[in-house]
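If you're wondering where the values come from, they're calculated on a predicted model, not measured in any experiment. Residue numbers start from 1 in every chain, and the chains themselves are labelled A, B, ... in the order their sequence lines are given, proteins ahead of strands.
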There are 2 protein chains.
Amino acid sequence: MENVTIRMLAERLQLSTATISKALSNSHEISEETKQRVLALATELNYVPNPYASSLRKKSSHTIAVVIPEVADSFFAEAINGIESVAQEKGYHVLIYLTHESFGKEQAILKDFQSGRVDGVLISVTTETAAAAHGLAQLVKEIPVVFFDRVCEEVTAARVTTDDANAAYNATAHLIAGGCRNIGLLSASRHLSISNRRAEGFRQALADHQLPLTDTSILYCSNEPAETRQLLKTALQQNHYDGLIATTEKLATAVYLACEELSLAIPGDVQVIGFSNLSTARFLQPSLTTVSQPAFDMGHAAATVLFKALKSSSFPLQEQQQVIPSSLIIRNSTKAL
Amino acid sequence: MENVTIRMLAERLQLSTATISKALSNSHEISEETKQRVLALATELNYVPNPYASSLRKKSSHTIAVVIPEVADSFFAEAINGIESVAQEKGYHVLIYLTHESFGKEQAILKDFQSGRVDGVLISVTTETAAAAHGLAQLVKEIPVVFFDRVCEEVTAARVTTDDANAAYNATAHLIAGGCRNIGLLSASRHLSISNRRAEGFRQALADHQLPLTDTSILYCSNEPAETRQLLKTALQQNHYDGLIATTEKLATAVYLACEELSLAIPGDVQVIGFSNLSTARFLQPSLTTVSQPAFDMGHAAATVLFKALKSSSFPLQEQQQVIPSSLIIRNSTKAL
DNA sequence: TTTATTTACTTAACCGATTAAGTAACACGG
DNA sequence: CCGTGTTACTTAATCGGTTAAGTAAATAAA
C-alpha cells in the first residue's frame with residue numbers, strides 16, 4: 001500500500017488538491033460539507049501529511065535543534081526534559097546534537113542549520129568554544145537562537161543562565177565559614193563564560209575574606225576523565241586543599257573518586273561542593289553539598305522564549321536575558337552550618 | 001541575503017541545475033573541470049543544500065527517531081549517547097521523543113512516523129504499552145524499527161536487550177546467599193516484557209532455593225514518584241522485606257529514600273539491589289549493589305543494526321536479536337561475598 | 001567513411017503540499 | 001436588469017533539489 005497523498009484524496013473525492021489542502025487546514029474558503037467529506041476520507045485512509053513537502057513550501061520545519069556537549073549529565077538530561085515538554089506541547093520536533101566538547105563538531109553542526117533544517121536552536125556551547133565563535137555570530141543573524149547555561153558572551157543573543165558568580169561566591173563563602181583556608185576551584189574550561197563567572201565569584205569571595213588567590217587556586221581540568229583523574233590526584237597531593245568546588249557534575253564524582261583513592265576523608269580532610277543536579281546527591285557517602293541548578297526550568301524557559309520568537313518575528317529575542325537562581329543545598333560533604 | 005540555491009549556482013556558472021546537482025554529488029557524468037568550478041562557487045557562496053527538498057524527492061530523510069520514556073535516567077541517557085555516536089558517524093540526524101510512560105503519547109508519536117519523517121526508529125516502549133500494540137505492529141511493516149531494552153514481544157522486530165531473566169535470577173540468588181528469606185521485587189509494569197522476564201528470573205531463583213512466592217513478593221509500582229513512595233513505605237512496614245530488588249533506577253533511589261524515612265538500615269534491615277547505571281552507585285551510602293546494563297553499548301548496537309537495514313533493504317532486520325549481558329556489581333547494600 | 005559509443009551536458013518531469021490568482025454560480029442591492 | 005459581492009471551488013506556479021530521458025559533439029570501432 002502506497003503512502004496516501006493529498007492527490008489521492010483529491011481523486012477519490014473528485015476535487016482538486018488545493019481544495020483538499022485547504023479543507024485540511026480548515027480554510028474558510030471551503031464549505032462545511034466538503035470539509036467533513038475530506039476529513040472523513042483522510043481518517044479512513046489514514047492520511048498523514050508529508051512534513052517535508054510542507055516544510056519545503058512553507059519554509060518552516062516545525063523542528064528545533066538542541067545542541068549540547070553531552071547527555072549523560074543530569075543537568076543536560078533534565079534540561080532536555082524541560083525543552084521537550086514545551087516542544088511537545090507546541091507540536092514541534094526536537095533534533096538532538098551532541099558536541100562531546102568539540103568545537104569542530106559544534107561548528108559543523110551549526111553550519112548545517114543554515115540549510116533551514118530547523119526553525120530555531122537551543123545551545124549550550126562546548127568548553128572549547130572560543131571567543132571569536134564566528135559560526136555562532138552568523139547563525140544568530142539567520143535563525144532564532146537561545147543560549148542556555150553555557151552561553152557565549154561575545155555573541156548578542158537570548159540567554160537563560162543561572163547566577164553563576166553568586167552561586168560560586170556563596171559556595172566559596174560556605175567553605176570558608178566551614179574553616180577552609182586553601183580552597184581549589186575545579187574549572188572545566190578557560191573559555192567558557194560560566195566558568196569565568198564562577199571563577200569571578202570565587203575570587204571575590206576569597207578577596208572579601210582576606211584569603212589569597214594563588215596560581216593553584218583554580219585548577220583547569222580536562223575533558224578526558226583519565227587525565228582529569230590524574231590531574232586531580234596530583235593536585236590534591238601537592239596542594240593540600242582543604243576545600244574543593246567542582247563546577248561540573250563529572251568533576252564532583254571525580255573528586256569523590258580521587259579522595260577515595262588517596263584515602264582523603266570528606267569532609268574531614270577536604271570539604272567538597274559540587275555544581276550538580278544529581279538526584280542521588282543526598283544519598284552519597286558523604287551526602288554532597290551542591291549548587292543545584294534548576295535544569296528543567298532552564299530548559300523550559302529557554303524553549304519558551306524560543307517559541308515566542310518563532311510565533312512572532314517581531315519578538316525581540318536577542319534582548320531576552322533570563323537568570324534563574326540556583327540554590328546551595330548544604331549536606332554533609334561540608335562542615336559549616 | 002537570500003539562501004543560496006542550486007539554481008543560483010547554475011545561473012552564475014551558466015549551467016543547468018541538473019549539472020550543479022550532479023557535480024555536487026560527484027557524478028561521473030560531469031567533467032572534472034566543471035566539478036571544480038561548481039565546488040569552488042559553492043564554498044564561496046557558502047551553499048548549504050536544503051535537506052527537505054532532497055528528502056521530498058529522494059524519499060529519505062537521513063534522520064532517525066529515538067523514542068524513549070524519559071531522558072533523566074542514566075540508562076537512557078547513555079543509550080542516547082551510544083545511538084548518537086553511530087548516527088553522527090553516518091551523518092544522520094536524531095530526533096528525540098519522550099513518551100513519559102504514556103501509551104497515548106507513544107501512539108501519537110509513532111503515527112507521525114508514517115509520514116516519512118524518519119528513515120528508521122529506535123524505541124524503548126512505555127510501561128503502559130499493551131500487548132496488542134497495534135500501532136507498533138503496523139509501523140514495523142512500514143519502516144525499519146529496532147527495539148532496545150524495553151521490547152514488545154508480541155511484535156516481530158529487531159531487538160537489543162539484556163539477559164533480564166538471568167540478571168534477576170542472579171540478583172535474587174545473591175540476596176538469598178546473603179541471608180534474605182523475604183525478598184520483594186519492585187516492578188515498574190505488569191505489561192513490560194522486561195519486567196515479566198525479570199519477574200520470571202526472580203520466581204525461578206526463589207523456587208530453586210525453596211523459598212515461597214507470595215502475593216507480596218512482587219510489588220507493582222507507579223510512574224508517579226509520590227505514589228510509589230507511599231506504596232513503598234506501606235509495603236516495607238507491612239511486609240518486612242529483608243531484601244529488595246529495584247528493577248529501575250528511579251525505584252532504586254526511591255528505596256533509599258523510603259528506608260531513610262522509615263529509619264531502616266541498608267543492608268542491616270533490608271538488603272538492596274538496583275538495576276541501574278548510575279555512575280555514583282559506588283559512592284552511595286551505602287554503595288549500591290547493581291545490575292548494570294551496558295547502556296552505551298546497547299544504544300550503539302541498536303543503532304548499528306538499524307543502519308545496516310537502512311543501507312541494504314535486503315538485510316533481514318526483523319530477525320536480529322541481540323542479547324548483551326548485564327553484570328551484577330556487588331557493593332555494600334548487600335551482604336553476600 | 002559510416003556507425004557506434006562515450007562524454008558532458010540540458011530539458012523537463014517529479015516529490016507532495018501550499019497558495020496566489022482565476023472562475024463559475026448564485027445572491028443581492030439599486 | 002446590471003453591477004458588485006460572496007461562496008466554493010479550480011488552475012497553475014512554487015518551494016529546491018533529483019533524475020529519467022534526450023542531445024550535440026567528440027571519439028572509437030567497423
**Q** Which is more 5' along DNA chain C, the nucleotide nearest B:I30 or the one nearest A:L24? Just name the residue.
**A** B:I30

**Q** Does a side chain donor of either A:E128 or A:S189 reach within less than 3.5 Å of an acceptor in the other side chain?
**A** no

**Q** Students often get this wrong, so: under 4.0 angstrom with heavy atoms, is A:S25 touching a base, only sugar-phosphate, or nothing?
**A** nothing

**Q** What is the 5' to 3' range of DNA chain D, first to last nucleotide, that sits under 4.0 Å from any heavy atom of chain A?
**A** D:dA8 to D:dG16

**Q** Can you measure B:H28 atom NE2 to C:dA8 atom P for me and round it to whole angstrom units?
**A** 11 Å

**Q** Is it true that A:D149 and A:T161 share a donor-acceptor pair across their side chains at a distance under 3.5 Å?
**A** no

**Q** What nucleic acid atoms does A:S55 come within less than 4.0 Å of, heavy atoms only: base, sugar-phosphate, or nothing?
**A** nothing

**Q** Any side-chain donor paired with an acceptor under 3.5 Å for B:K111 and A:N46?
**A** yes

**Q** Between the side chains of B:R159 and B:E319, is the shortest nitrogen-to-carboxylate-oxygen separation below 4.0 Å, so that they form an ion pair?
**A** no

**Q** Less than 4.5 Å apart, any side-chain heavy atom of A:L98 and any of A:I68?
**A** yes

**Q** Mind checking whether A:H191 and A:F103 have ring centres under 6.0 Å apart?
**A** no

**Q** Taking the side chain from B:T17 and the backbone from B:R7, do they hold a donor-acceptor pair closer than 3.5 Å?
**A** no

**Q** Does A:R37 pair with A:E32 as a salt bridge, N-O distance under 4.0 Å?
**A** no

**Q** In Å and rounded to the nearest 0.5 Å, what is the CD1 to NZ distance from A:I20 to A:K35?
**A** 13.0 Å

**Q** Whole-Å distance between C:dA8 P and B:K35 NZ?
**A** 9 Å

**Q** When we call it a touch if two heavy atoms are under 4.0 Å apart, what does A:L15 touch: a base, just sugar-phosphate, or nothing?
**A** sugar-phosphate

**Q** What does B:S31 touch in the nucleic acid at a heavy-atom separation under 4.0 angstrom: a base, only the sugar-phosphate, or nothing?
**A** sugar-phosphate

**Q** List every contact pair, protein side and nucleotides 13-17 of chain C side both N or O, where the distance is under 3.5 Å.
**A**
residue	atom	partner	partner atom	Å
C:dC14	O2	B:R57	NH1	2.9
C:dC15	O2	B:R57	N	3.4
C:dG16	OP1	B:K59	NZ	2.6
C:dG16	N2	A:A53	O	3.2
C:dA17	OP1	A:Y47	OH	2.9
C:dA17	OP1	A:N50	N	3.2
C:dA17	OP2	A:I6	N	2.5
C:dA17	O5'	A:Y47	OH	3.4

**Q** Do you see a donor-acceptor pair shorter than 3.5 Å between the side chains of A:E70 and B:N81?
**A** no

**Q** In degrees, rounded to 10°, what is the bend between the two ends of the helix from C:dT1-D:dA30 to C:dG30-D:dC1, using five pairs at each?
**A** 50°

**Q** Do A:D119 and A:T63 come close enough that some side-chain heavy atom pair is under 4.5 Å?
**A** no

